[in-house]
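Computed from a predicted structure; not experimentally measured.
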Amino acid sequence: KKHSFVCLSFDNVEGLQDARRDLEAVIARNQTVMSRQEAFDLDGVGDPRQEPMDFICGLFEYDVRYITRVCIDSEIRSGKWYTVRSEMHECEEFHTVVIADQFLMKPALRVFAW
């Protein structure tokens, strides 16, 4: 059985959460409609009057935790020392993470948190 998927990506967590909330409402509505129907058109032809959103029936997320994604994107690796700075700009807090190359001895592996 062949399925079509739509891949979405976001610049920040807020965009992800907004899209997820909107899609969950669409999926709940579609599941209610599908449960009332005796048969659902699975051959891809469909009714031309239906919107593409009417065919969304599930939500799947790639299985990477948020902290793991941040570490990958920021190139934060275990076994290295980092200098972390926190600054306030116009009521927003920004964090800067820089590799501290001056340390020769590798740190003990621990959970990275700030």
Worksheet item: Side-chain contact, heavy-atom cut-off 4.5 Å: Thr96 with Val84?
Response: no
Worksheet item: With no hydrogens and no angle check, is any side-chain donor or acceptor of Asp22 less than 3.5 Å from a backbone partner on Ala19?
Response: no
Worksheet item: More than 12 heavy atoms of other residues, nucleotides or ligands under 6.0 Å from CG of Asp11: is that the case?
Response: no
Item to complete: Please name all residues satisfying salt bridge (Lys or Arg N to Asp or Glu O under 4.0 Å) with Arg77, sequence neighbours left out, ordered by chain then number.
Response: none
Item to complete: Would you check if there is a donor-acceptor pair between the side chains of Glu93 and Ser86 at a distance under 3.5 Å?
Response: yes
Worksheet item: Taking a hydrophobic cluster as the set of Ile, Leu, Val, Met, Phe, Trp and Tyr residues connected by side-chain heavy atoms closer than 4.5 Å, whether directly or through intermediates, do Phe10 and Leu59 fall within one such cluster?
Response: yes
Discussion item. Test of understanding: clusters of I, L, V, M, F, W, Y form through side-chain heavy atoms closer than 4.5 Å, transitively. Do Val13 and Leu8 belong to the same one?
Written reply: no
Worksheet item: Between atom OH of Tyr82 and atom CD1 of Ile99, what is the distance when rounded to the nearest 0.5 Å?
Response: 4.5 Å
Worksheet, complete the sentence: Exactly one of Asn30, Leu23, Ile27 clears side chain to side chain contact (heavy atoms under 4.5 Å, CB included) with Met53, and that residue is Leu23
Practice prompt. For Ile72, check side chain to side chain contact (heavy atoms under 4.5 Å, CB included) against everything at least two apart and list the hits.
Written response: Thr68, Arg69
Discussion item. With rounding to the nearest 0.5 angstrom, report the NE2 to CZ distance, His89 to Phe94.
Written reply: 6.5 Å
Worksheet, complete the sentence: CD1 of Ile56 to CZ of Arg29, rounded to nearest 0.5 Å, is 9.0 Å
